[in-house]
Amino acid sequence: MRILSGIQPSGTMHVGNYLGAVKQWVSSQNPDAYYCVVDLHALTLDIDPDELREKTIDCVATLLAAGIDPEIATVFVQSNVAAHAKLNWLLECVATFGELNRMTQFKEKSGRQKGYRVGLLTYPVLMAGDILLYDAEQVPVGDDQRQHLELTRVLAERFNSRYGETFTVPVGYVPHAAARVMDLQDPSRKMSKSLSSPLGSLYLFDEPSEIEKKIKKAVTDTDGEVQFDQKKKPGLSNLLEIYASFSNETPHEVAARYTRYGDLKNDLAELIVASLTPIRNRYRELRSDPAQLNAIITLGAKKASAIADPVYERAAKAMGLIGG
Ligand code: AMP
Ligand code: TRP
């Protein structure tokens, strides 16, 4: 099964990224899986160039530490495969302003800044190209990417009907639990790399004491009954989902074992520390060997280009570009 997914190298990976996306990438990895660190997407916001370089390598190392095996799946950096930027233009000439202007994430992000970059508007087109270049059948993502994925399908179908059968129309895969991990301090908004309060996001490489503190201080409610109910008990239900995703259970199963919030929180902190410690240790090892990381990135670019370049040529030719 051809799989493609991507993650931005801006900021530090949090438990939302891990449970919503990366954990699925690890369990569905196969020789036909392509995982992309989307550095071009990170340029939609103002990021320091040195920081982007560092974060891109950090992100590759984190994916490997989380369990992606470069001898099985392909991990690559988006800007190393020129076809992404090239197909982006072709697809910008297929997408309409209206459909991009309607995207929820665009409305949220553009509303927060004056003079936002045009890339913030066209970003879902670049993402559609990432997916279509690999003839991806399945795209494992968190809940917040559903709308972008639907747009990808619309663009692929529009292209195919206007220019002839060119792209595979992909299907999204959103996990059952923890598809939208919420901020621990404000369960009405999602855990995010940039916007959370200091105690709101759990990062993959937080120290055990920080994890304990953040879980202990996580906002719940005062009625004291352990029950999975996202509407009435968003904070507690978020903790139950995080727990269930780490322990491969359902949130209801977890809830049935507890009567006290304190016990649930203690066990959850322990579970998270036990799950993340090996990832943190592997990350440290990998990050201390830049030559090996570079070799993996170079190989990833070669393997990804071998798939993406012919698909780009197919699309360019279908639109009437003479190429060559
Ligand atoms: P990003 O960090 O925006 O590049 O996201 C990378 C992946 O993590 C995407 O598949 C997102 O849907 C997923 N993701 C981001 N934030 C969350 C969250 N709070 N809960 C679940 N999944 C998330
Ligand atoms: N837009 C995604 C996000 O912010 C990241 C992304 C870029 C992506 N290209 C992709 C995800 C292709 C899946 C497939 O989370």
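Quantities reported herein were computed from a predicted structural model and do not represent experimental measurements. Note that ligands are numbered from 1 as they come in the structure, with each ligand's atoms numbered from 1 the same way.
Taking NZ of K193 as the reference point, atom OG1 of T12 lies at 8.5 Å (rounded to 0.5 Å).
Pocket lining of ligand 1, defined as residues with a non-hydrogen atom under 4.0 Å away: I7, Q8, H14, G16, N17, G20, A21, V141, G142, D144, Q145, A178, A179, R180, V181, K190, M191, K193. Protein neighbours of ligand 2 below 4.0 Å, counting non-hydrogen atoms: L4, S5, G6, Q8, V38, H41, Y123, M127, D130, I131, V139, V141, Q145.
In summary, the side chains of D69 and Q29 do not present any donor paired with an acceptor at a separation below 3.5 Å, with no hydrogens or angles considered. Judged purely by distance below 3.5 Å, without hydrogens or angles, the side chains of N281 and E285 never pair a donor atom with an acceptor atom.
For K303, the NZ atom is densely surrounded, since the number of other residues' heavy atoms within 6.0 Å is greater than 12.
A donor-acceptor pair under 3.5 Å is formed between the side chain of D39 and the backbone N or O of S79.
Between F76 and Y134, the ring-plane angle classifies as tilted under the 30° and 60° cut-offs. Between F159 and Y163, the angle of the ring planes lies from 30° to 60°, which puts this pair in the tilted group.
Checking each of K86, H84, E92 against N88 for a side-chain hydrogen bond (donor to acceptor under 3.5 Å, both in side chains) leaves exactly one that passes, namely E92. Applying the side-chain contact (heavy atoms from CB on, under 4.5 Å) test between I211 and each of L271, V15, L276 identifies L276 as the sole match.
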